[in-house]
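Take a look at the structure below.
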Amino acid sequence: MIWIPVIGLMLGVFIGLSFNLTVPLQYSSYLSIAILAALDTVFGGIRASLERHFDSSVFISGFFFNTLLAALLAFIGVQLGVDLYLAAVFAFGVRLFNNIAAIRRLMVTRSRKHPEKTL
């Protein structure tokens, strides 16, 4: 199950790099926050898979809900003239680093217990 989020992330990067899409400058904050929210969900899915409580419906709903919520937050911030997207950047950034740290700890712990199979 750990490979579903990894394959999705790799597929998204491949599609993004294959097509020559340009995002207008006024939408760059929306895209950046949406990408950050999506990365947060992917690394949360990897963490949940390593902790053996991955649920695909939670993963899919979290992916779309977090991404849309972040874009909505950025939109409201633009309408109010406040850099509200920075709150989402901070929140998703902290969660992203927490998930990556947890993944690293889980993998190190597993490699110490079972050096022959790390994943």
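When all heavy atoms of Gly45 and Phe59 are compared, the pair lying nearest together is CA-CD1, 4.0 Å. Shortest non-hydrogen contact noted between Arg47 and Asn98 is NH1-O, 4.2 Å.
Side chain of Thr67 to backbone of Phe64: no donor-acceptor contact under 3.5 angstrom is found.
Taking OG1 of Thr41 as the start and CG of Asn66 as the end, the distance is 4.0 Å to the nearest 0.5 Å. Atom CG of Asp83 and atom CG of Leu80 lie 11.0 Å apart (nearest 0.5 Å). Once rounded to the nearest 0.5 Å, the distance linking CG of Asp40 with CZ of Phe63 reads 11.0 Å. Leu50 CG to Arg105 CZ: the interatomic distance, rounded to the nearest 0.5 Å, is 12.0 Å. Here the CG atom belonging to Leu96 is positioned 6.0 Å from the CG atom belonging to Leu36, to the nearest 0.5 angstrom. Interatomic distance, CD1 of Ile100 versus CZ of Arg95, reported as 12.5 Å (0.5 Å rounding).
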Evaluate Ile15 against Leu11 for side-chain contact (heavy atoms from CB on, under 4.5 Å), listing each step before the verdict.
CA-CA 6 Å; Ile15 290 171; Leu11 184 65; 4.0 Å; yes

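In this structure, Val94 is not a member of the same hydrophobic cluster as Leu86, with clusters built from ILVMFWY side-chain heavy atoms closer than 4.5 Å. By the criterion of side-chain heavy atoms lying less than 4.5 angstrom apart, applied directly or through intervening Ile, Leu, Val, Met, Phe, Trp or Tyr residues, Phe65 is not grouped with Val58; the two fall into different hydrophobic clusters.
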Pair up each side-chain donor or acceptor in residues 22-34 with any protein partner under 3.5 Å, not counting sequence neighbours, and list the distances.
| unit_1 | atom_1 | unit_2 | atom_2 | d |
| --- | --- | --- | --- | --- |
| Ser28 | OG | Leu25 | O | 2.8 |
| Ser32 | OG | Ser28 | O | 3.2 |
| Ser32 | OG | Ser29 | O | 2.9 |

